[in-house]
Amino acid sequence: MTIEVLKSKLHRVSVTDANLNYIGSITIDEDLMDAAGIIEYEKVAVVNNNNGERFETYVIKGERGSGVICTNGAAARKVQPGDILIITAYASMTPEEAKTFKPKIVHPVNNRI
């Protein structure tokens, strides 16, 4: 048996853009992705602290050092630039593995490490 455990968390990043006319996903600064151990096309859960919206999508790389956090496609309807998000990713592991696993939790300042 495996369980889902928090693997990565970007805590309180700010939305820089919302692009409705895009296929889908969330664009994240590659520096933030690296710090949290999130890889391109990985599934993430997104929580909007401003309005309570929650959604799942996948990540695409944003320009390194840009601080970009941009929701794309339908998710753009769930955020406004300036909204504060928590972005999480999870991993499947056995309960034994989970007991010693430590997630990467990143607290950016102005979307920078």
Side-chain angles (χ1 to χ4, degrees):
M1 171 179 60
T2 61
I3 59 174
E4 294 290 311
V5 176
L6 178 68
K7 176 187 83 76
S8 307
K9 180 178 179 182
L10 289 170
H11 188 77
R12 297 187 59 82
V13 292
S14 179
V15 175
T16 59
D17 196 11
N19 183 357
L20 183 60
N21 297 312
Y22 190 82
I23 297 169
S25 71
I26 187 167
T27 305
I28 301 175
D29 177 328
E30 195 171 0
D31 284 343
L32 294 172
M33 290 173 60
D34 288 348
I38 296 171
I39 62 171
E40 190 165 35
Y41 306 116
E42 183 171 357
K43 178 181 174 180
V44 292
V46 181
V47 178
N48 185 330
N49 280 6
N50 292 76
N51 63 18
E53 288 283 358
R54 294 172 173 261
F55 58 93
E56 292 180 338
T57 190
Y58 63 93
V59 174
I60 59 174
K61 287 182 197 177
E63 182 180 344
R64 188 176 292 282
S66 67
V68 66
I69 301 290
C70 178
T71 57
N72 302 301
R77 296 242 187 242
K78 297 183 175 283
V79 304
Q80 296 290 319
D83 283 357
I84 302 299
L85 305 181
I86 297 171
I87 302 170
T88 55
Y90 299 85
S92 294
M93 58 187 75
T94 67
E96 294 76 28
E97 291 170 316
K99 289 177 185 176
T100 59
F101 180 78
K102 299 293 182 222
K104 289 186 177 184
I105 299 176
V106 180
H107 297 267
V109 175
N110 297 321
N111 290 3
R112 305 291 194 290
I113 303 302

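Just so you know, these numbers use all the heavy atoms, side chains as well, and skip hydrogens, waters and symmetry mates.
In this structure a side-chain-to-backbone donor-acceptor pair under 3.5 Å is missing from K104 to L10. Of the possible donor and acceptor atoms, none in the side chain of R77 sits under 3.5 Å from a partner among the backbone N and O of A75. Under a 3.5 Å cut-off, the side chain of S8 and the backbone N or O of A89 do not form any donor-acceptor pair. Within the 3.5 Å criterion, the main-chain N or O of R112 finds no donor-acceptor partner in the side chain of N110. A side-chain donor-acceptor contact under 3.5 Å links D29 to the backbone of S66. N111 places a side-chain N or O within 3.5 Å of a backbone atom of S14 that can act as its donor or acceptor partner. Without hydrogens or angle criteria, E40 side chain to K61 main chain gives a donor-acceptor distance under 3.5 Å.
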side-chain contact (heavy atoms from CB on, under 4.5 Å) evaluation trace for V44 with V46: CA-CA 6 Å; V44 292; V46 181; 4.2 Å; yes

Pair V68-I28, side-chain contact (heavy atoms from CB on, under 4.5 Å): steps then yes or no: CA-CA 6 Å; V68 66; I28 301 175; over 6 Å; no

Stepwise side-chain contact (heavy atoms from CB on, under 4.5 Å) test for E56 and K43: CA-CA 7 Å; E56 292 180 338; K43 178 181 174 180; 3.1 Å; yes

Stepwise side-chain hydrogen bond (donor to acceptor under 3.5 Å, both in side chains) test for N72 and S25: CA-CA 5 Å; N72 302 301; S25 71; 3.2 Å; yes

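Other residues, nucleotides and ligands place no more than 12 heavy atoms under 6.0 Å from the CD atom of Q80. More than 12 non-hydrogen atoms from other residues, nucleotides or ligands lie less than 6.0 angstrom from CZ of R64.
Side-chain heavy atoms closer than 4.5 Å link hydrophobic residues (I, L, V, M, F, W, Y) into clusters, and following such links, even through other members, never connects I60 to L20. Residues I87 and F55 share a single hydrophobic cluster, defined by chaining ILVMFWY side chains whose heavy atoms lie under 4.5 Å apart. I39 and I113 fall into different hydrophobic clusters, where Ile, Leu, Val, Met, Phe, Trp and Tyr side chains are chained together by heavy-atom contacts under 4.5 Å. No path of Ile, Leu, Val, Met, Phe, Trp and Tyr side chains, each step under 4.5 Å between heavy atoms, connects I38 with V5, placing them in separate hydrophobic clusters.
Here the CD1-CD distance, from I3 to E96, works out to 9.0 Å after rounding to the nearest 0.5 Å. With rounding to the nearest 0.5 Å, the separation of CG in N50 from CG in L85 is 8.0 Å. Interatomic distance, K102 NZ to L6 CG, rounded to the nearest 0.5 Å: 12.0 Å. Atom CG of residue D31 and atom CE of residue M33 lie 10.5 Å apart, to the nearest 0.5 angstrom. The distance from the CZ atom of F101 to the CE atom of M93 is 4.5 Å, given to the nearest 0.5 Å. Here the NZ-OG1 distance, from K9 to T88, works out to 8.0 Å after rounding to the nearest 0.5 Å.
S92 and T2 get closest at one heavy-atom pair: CB-OG1, 4.1 Å. Residues Y58 and Y41 share a closest heavy-atom pair of CB-O, 3.7 Å. Closest approach of T94 to E97, counting heavy atoms only: N-OE1, 2.8 Å. Of all non-hydrogen atoms in G37 and K7, the two that sit nearest each other are O-NZ, 2.5 Å. Among all heavy-atom pairs drawn from R12 and I84, the shortest one is CA-CG2, 3.5 Å.
Of the candidates L32, D83, V79, L32 is the only one forming a side chain to side chain contact (heavy atoms under 4.5 Å, CB included) with I69.
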